[in-house]
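The chain is numbered in sequence order, starting from 1. Remember, it's 1-based here, ligands and their atoms both numbered in the order they're listed.
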Amino acid sequence: MSDPLESLRNRIDELDRRLIEALAERQRVVTEIAGLKTDPVLPLQDAERERDLLSRVSALAGAQGLDSYFVESLYRRILEHSVRFQAARQDNKGRGAGLVVAYQGVEGSYSHTAARSHFAAAQGEVQFHGYRSFAAALEAVVCGEAEVAFLPIENSLTGSITETYDLLSQTNLHLIGEEVHRVEHCLIALKPVPLGLIRRIGSHPQALAQCSNFLAALRDCRVEIESDTASAAMLVAESGDLSRAAIASEEAATRYGLQVIKRNIANQKENYTRFVAVAREAKPADCRLPHKTSLLLTTAHEKGALARCLDALAQHGVNLTKLESRPSLERPWQYLFYLDHEGGLHEQHVDLALRELAKHAEAVRILGTYPRSGTVSLAQKQQTTVPISQGIAEAPTANIVAPLPAAKEHSAYRLASRAHRGTDTIIEIGQIRVGGDDAPFVMIAGPCSVESREQITACACAVRDAGGGLLRGGCFKPRTSRYDFQGLGFDGLTLLHEAAQAYGLRIVTEVLHPADVDAVAREADVLQIGARNMQNFALLKAVGKSRLPVLLKRGLMASIDEWLAAAEYVMAEGNGRVILCERGIRTFETATRNTLDLSAVPVLRERTHLPVIVDPSHAAGRREWVAPLARAARAVGAHGVMIEIHPEPDRAMSDGPQSLDFEQFRALAREMSGKQVG
Ligand code: PEP
Ligand code: MN
């Protein structure tokens with residue numbers, strides 16, 4: 001006679017096989033339905049039908065004596081997977097190779113489990129690589145080692161994970177998805193021993209905090225902090241010690257051959273962590289799915305600026321789901337605001353709201369627009385949205401949403417125009433303020449090129465002694481002749497950085513290549529775009545993604561409107577901190593190196609809210625004419641000047657004839673400081 005336990009287990013195996021077959025059959029039908037939903041505007045998620053289905057299955061469950069909450073939550077997972085599966089079919093059409101997803105921690109950690117759940121529907125191979133830290137996971141995406149980083153961003157009990165927010169603000173990456181993951185802490189050990197035998201419990205500090213009531217009730221038990229929950233589980237497995245346990249997920253227990261002693265031991269039973277998927281490129285929005293959008297916002301230092309931004313959303317019926325402020329890493333006592341709201345950029349009411357919001361913000365960066373996680377809640381009303389574009393919308397190329405053109409706006413520069421912003425933009429670089437009518441006149445000075453430690457240190461000392469705060473110096477030189485000195489590159493940047501640090505100065509330096517922007521931005525305080533690159537659009541977009549102010553020189557043959565249209569490229573990427581620098585243009589006149597177009601200054605002050613400075617050195621080409629032109633620049637309303645200086649101008653590797661020696665510079669600085677040197 002067969003063992004009754006054995007035969008019951010066989011029946012369970014058979015039932016599981018049928019359940020899996022039924023799920024596979026369900027997926028095939030879903031695929032057929034997806035085939036019929038080729039109309040790009042038919043939503044993939046039918047909220048009405050989902051609600052019906054959930055109430056139907058929970059009634060069925062009740063009738064069969066099953067817990068209806070359990071069955072309903074099971075079905076939410078099935079539905080969520082089914083929507084993702086359909087979206088992924090569309091997504092994967094163009095994708096051949098596998099996908100690498102970077103997360104923090106080791107296998108079996110909550111991040112790993114949530115990432116697996118998020119990418120469960122993805123077609124093709126998905127590899128999950130664990131990294132030591134959040135920063136390392138993001139770096140893997142930046143350098144192309146992984147396509148996506150998957151990071152926790154907030155927890156329903158402990159709030160925002162601020163490290164993730166701060167890291168996101170420092171990269172140019174895009175949010176392409178989110179996952180709300182239920183966290184269920186379990187006590188796990190080698191064997192299902194009685195609780196009273198456990199002497200050591202290890203876990204991540206967050207998990208320990210969330211289970212504090214459970215831990216407080218234990219006697220003779222030491223609590224140990226580990227780097228993550230899954231590592232704690234791994235240590236228990238390796239120790240072979242029956243008196244050790246970890247707080248981790250059930251998944252971690254299975255992965256490391258451990259047993260669950262007690263389930264759901266957190267103080268609060270409902271515990272969710274929201275994760276975000278972060279990629280190098282924005283993803284085209286699939287209009288068939290309900291979306292969310294995340295923004296990074298800086299507001300002017302003005303009364304009510306944030307309130308006006310939020311009001312713009314409310315006015316257009318955009319529902320804010322999260323607002324978080326983080327201190328600016330560059331500007332003490334100023335804040336960056338992170339906003340999440342319902343709706344995608346492809347929806348008209350969102351588009352209108354963001355255009356309005358952009359008018360009141362200093363800068364807006366769209367971190368991403370992505371499908372919302374989860375199924376509908378039974379109580380939730382379905383919002384009707386008007387898509388601007390239908391089907392799979394273009395990925396948002398611009399990071400900022402420009403306002404709608406008003407009557408007197410120039411179509412090529414909406415964000416830069418006065419019509420967009422009535423008050424002057426004031427750019428703060430450390431203690432120095434550039435722009436507006438009240439800030440002190442700014443003097444930026446330094447050599448044309450960084451040549452040696454001695455040279456740049458001497459210049460930094462001269463700038464500091466003259467009361468200046470901003471040191472210029474070229475490390476990557478855009479030379480007309482390839483046989484001329486091209487600059488010391490990153491070695492020069494290190495010297496410039498050391499000199500600036502030694503004398504408490506901030507750095508202005510030119511960047512020549514989009515690929516160098518991030519590296520230069522790590523050392524510099526202002527990124528200069530040289531005259532020859534004023535219309536290098538790839539470079540303008542790259543510095544637009546940086547958070548540093550940009551000093552945009554006027555092109556040799558550029559009209560004022562072309563120049564402002566170039567500034568718009570930077571601003572449209574979310575960086576509103578552009579300083580315009582007039583440095584002379586080409587005319588028939590050859591007596592000077594270039595013709596300093598001083599009339600551009602009042603014209604710009606009328607057309608744009610951006611600060612304007614003048615570089616008399618490159619205009620004049622001769623040091624004798626630098627001081628008079630600097631005086632003139634101030635007289636016509638410039639916010640500052642940029643002057644080339646050198647300890648021995650006649651021995652300079654570049655632009656010696658137009659460089660002032662220190663004596664001449666001191667005299668000019670003294671004269672200018674009638675209105676203070678910046
Ligand atoms: C410079 O400032 O060193 C420089 C190269 O200037 P421009 O781009 O104006 O020629
Ligand atoms: Mn120069």
Side-chain angles (χ1 to χ4, degrees), residues 442-451 455-456 459 463 468 470-482 484-489 492-493 495-496 506-513 516 520 524-536 539-540 543 549-558 560 562-563 566-567 570 578-587 592-598 600-601 612-623 625-626 629-630 633 638 640-661 665:
V442 174
M443 189 174 278
I444 307 169
C448 178
S449 310
V450 175
E451 298 170 6
Q455 175 243 21
I456 191 64
C459 288
V463 171
L470 288 165
L471 177 67
R472 64 148 286 152
C475 303
F476 302 91
K477 297 303 299 176
R479 303 306 297 274
T480 301
S481 163
R482 72 163 321 290
D484 286 341
F485 178 58
Q486 306 282 310
L488 297 180
L493 192 56
L495 298 177
L496 181 61
R506 301 281 174 152
I507 294 171
V508 182
T509 197
E510 180 163 355
V511 57
L512 283 190
H513 199 282
D516 290 344
V520 174
D525 299 289
V526 178
L527 298 172
Q528 177 173 324
I529 300 295
R532 288 154 193 83
N533 271 320
M534 189 204 83
Q535 284 186 321
N536 180 339
L539 186 59
L540 296 174
V543 296
V550 173
L551 190 146
L552 179 63
K553 288 200 150 190
R554 181 177 183 178
L556 276 67
M557 298 284 281
I560 292 172
E562 284 164 345
W563 187 12
V570 179
V578 179
I579 303 167
L580 300 162
C581 177
E582 163 64 42
R583 46 78 72 205
I585 48 174
R586 280 271 163 89
T587 64
T592 48
R593 185 176 174 186
N594 291 286
T595 300
L596 185 61
D597 182 11
L598 281 172
V601 178
V612 184
I613 68 161
V614 166
D615 168 357
S617 307
H618 287 87
R622 284 255 308 269
R623 72 181 69 103
W625 302 327
V626 169
L629 292 178
V641 286
M642 181 156 83
I643 309 285
E644 284 188 343
I645 62 172
H646 197 281
E648 294 175 280
D650 293 333
R651 303 176 70 142
M653 311 271 268
S654 59
D655 288 350
Q658 70 198 33
S659 300
L660 302 188
D661 64 25
F665 171 58

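- Atom OG1 in Thr587 sits 9.5 Å away from atom CE in Met557 (nearest 0.5 Å).
- To the nearest 0.5 Å, atom NE2 of residue His618 and atom CZ of residue Arg593 are 5.0 Å apart.
- Listed by chain and number, residues touching ligand 1 at under 4.0 Å (heavy atoms only) are Arg472, Lys477, Glu510, Gln528, Gly530, Ala531, Arg532, Lys553, Arg583, His618, Glu644.
- A donor-acceptor contact shorter than 3.5 Å is absent between the side chain of Glu582 and the backbone of Ala600.
- Judged by distance alone, with hydrogens and angles left aside, the side-chain atoms of Arg479 form a donor-acceptor pair with the main-chain N or O of Phe485 at under 3.5 Å.
- The pair Lys477-Asp484 fails the salt-bridge criterion, with no side-chain N (NZ, NE, NH1 or NH2) lying under 4.0 Å from an Asp/Glu carboxylate O.
- Atoms of the protein (N, O or S only) found under 2.8 Å from the Mn ion (ligand 2) are Cys448 SG, His618 NE2, Glu644 OE2, Asp655 OD2.
- The closest donor-acceptor contact from the side chain of Thr509 to the backbone of Gly473 lies under 3.5 Å.
- With hydrogens and angles ignored, the 3.5 Å screen pairs no side-chain donor or acceptor of Asn533 with any backbone N or O of Asn536.
- Checking side-chain atoms of Arg623 against main-chain N and O of Leu660 turns up no donor-acceptor pair under 3.5 Å.
- Rounding to the nearest 0.5 angstrom, the gap separating the CZ atom in Arg532 from the OG1 atom in Thr480 is 4.5 Å.
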